[in-house]
Amino acid sequence: MVSLLVQKYGGTSVGDADRIRAVADHVARTRRAGNSVVVVVSAMGKTTDDLIRLAHEVSGKLPPRELDMLLTSGERISMSLLCMALADLGVPAVSFTGSQAGIITDTDHTKAKILEIKPERLRKAIADGYVPVVAGFQGMSTDRNITTLGRGGSDTTAVALSAALSADFCEIYTDVSGVFTADPRVVTKAHKIPRISFEEMLELAASGGRVLALRSVEFARNYMVPLHVRSSFTWEPGTWVTEEDPQMEQPVVSAISHDTSEAKITVREVPDKPGVAAKIFLAVADAGINVDMIVQNTSVEGFTDISFTVPRLDIAASLAAANRIAQEIEAKQVISDDQIGRVSLVGAGMKSHPGVTAKMFSTLANEGINIEMISTSAIRISCVMRQDVVERAVIALHEAFEL
Ligand code: ADP
Ligand code: ASP
Ligand code: MG
């Protein structure tokens, strides 16, 4: 049976000329096995980081429209080079920017959301026997500007295209051999998980396990696109991200993730009356900032403290919004803390196994680690702590839960 697959190659996978030729070779082999392939590529190696650094060197402002225009150039380099390497192997290939591939986004520069995909050009290229190679992480907004989808957004391009083209599945090629029980760069004993549910992967991606971008997992779950996360260095079978198998017993804890990219904002001595929280978070949301964890202390003599976490990049904007509201509601002051980190346990089996939280807290206590904030979902427990103890916490929890 002929399958249609989407293959996405991350930055390290197309990091230099040899890597690009190796990827071309794999695409050619996939075709020879009788499949149709659509390829999505990231920018080579650290190109995106280098471009951001360059932008900072020329400007203190970084107008978002121009930043997007700059960053999308990284993916253009890899898409055209890969098509050239494929041409050498006799594989007809044609490159498309996000806009040419019909990816329409909203107008929120640097973190645009895909609204619609018009994949006619890609369909025609496939029907004509070409391999379309699409620049990841980008699209064209409803007001016809070039946008990017947020860091790691090539995953989202790949999964969204898989859904739009009704691909049989989507392969995410990266520099590790799959989704591990913890970041293998932090826990050397972490091991590959052969299969994980969309729900667990969503929680992992949302809590810092950067192997898949959060938005890509949302697309995969909503459109039922099976994902295969695997290595472009060994090409061995990796991790399948699919629907939960109701026949199978779910592990209590499947994986541990960590995130050191957030900061904490605290609004102190907020008058404890209806409507104040709504005011604060409306202002933050209006500034386009994604709030993650929220904690409100018990009220003492009519006043309370409200703390929340935001991406560290958004500290200045969050402080500005919170300060404005603090004045209006007569809160005492707003402070920020950029030295926090978050460690999370994720596992579908938590739903039916009490005691996981207690074990997590006592493991951290034994390590002398202070917990500053806590949040839970049905299948996740997260603790905020000092940033410099995060790796120690991950290693201790990995050991304690025998992952
Ligand atoms: P790419 O450039 O291919 O998109 P990323 O750097 O975005 O690659 O994602 C792969 C990295 O994710 C790995 O190198 C690894 O350090 C990190 N990572 C974090 N958590 C996990 C996890 N649970 N399993 C596997 N990799 C993880
Ligand atoms: N090149 C972009 C980034 O570094 C997108 C991606 O790699 O997915 O974030
Ligand atoms: Mg990535």
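Only this structure's heavy atoms are used, side chains among them; waters, hydrogens and symmetry mates stay out. When a residue number appears, it is its place in the shown sequence, counting from 1. For ligands, and for the atoms within them, numbers begin at 1 and follow the listed sequence.
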| Can an N or O of D155 be found at a distance shorter than 3.5 Å from an N or O of ligand 2? | no
| task | Return a yes/no value for T48: is any of its N or O atoms, backbone included, closer than 3.5 angstrom to an N or O of ligand 2? | result | yes
Does a donor on one side chain and an acceptor on the other come within less than 3.5 Å for [X] and [Y]?
X    : Y    : result
S231 : E236 : no
S232 : S13  : yes
S207 : S257 : yes

In terms of atom number and element, which parts of ligand 2 are under 4.0 angstrom from non-hydrogen atoms of [X]?
X    : value
G152 : 3 (C), 5 (C), 6 (C), 8 (O), 9 (O)
S42  : 6 (C), 7 (O), 8 (O)
R151 : 3 (C), 4 (O), 9 (O)

| said: With a heavy-atom distance limit of 4.0 Å, tell me whether R210 approaches ligand 1 through its side chain, its backbone, both, or neither. | reply: both
| task | Have a look at ligand 1 and work out which part of K8, if any, has a heavy atom under 4.0 Å from it: side chain, backbone, both or neither. | result |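 Answer for K8: side chain.
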| Between F303 and R268, is there a cation-pi geometry (under 6.0 Å to ring centre, at most 45° from the normal)? |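 No, R268 and F303 do not form such a contact.
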| task | Determine whether any heavy atom of S154 lies closer than 4.0 Å to an atom of ligand 1. | result | no
| query | Does at least one non-hydrogen atom of P184 fall below 4.0 angstrom from an atom of ligand 1? | reply |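 The answer is yes, since P184 has a heavy atom less than 4.0 Å from ligand 1.
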| query | To the nearest 0.5 Å, how far apart are CG in L71 and CG in D50? | reply | 11.0 Å
| query | So do I77 and L81 actually touch side chain to side chain, heavy atoms under 4.5 Å? | reply | yes
| Which is closest to atom 26 (N) of ligand 1 by heavy-atom distance: I172, I193, V211? | V211
| query | Considering only heavy atoms, which of A205, S254, A190, G178 lies nearest to atom 25 (C) of ligand 1? | reply |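 Closest candidate by heavy-atom distance is G178.
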| said: So, 4.0 Å and heavy atoms of G11: is ligand 2 close enough to count as a contact? | reply: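 False for this residue.
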| task | Give me the one residue out of V241, T242, T239 that meets side-chain contact (heavy atoms from CB on, under 4.5 Å) with R195. | result |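 Result: among V241, T242, T239, T242 is the only option passing the side-chain contact (heavy atoms from CB on, under 4.5 Å) with R195.
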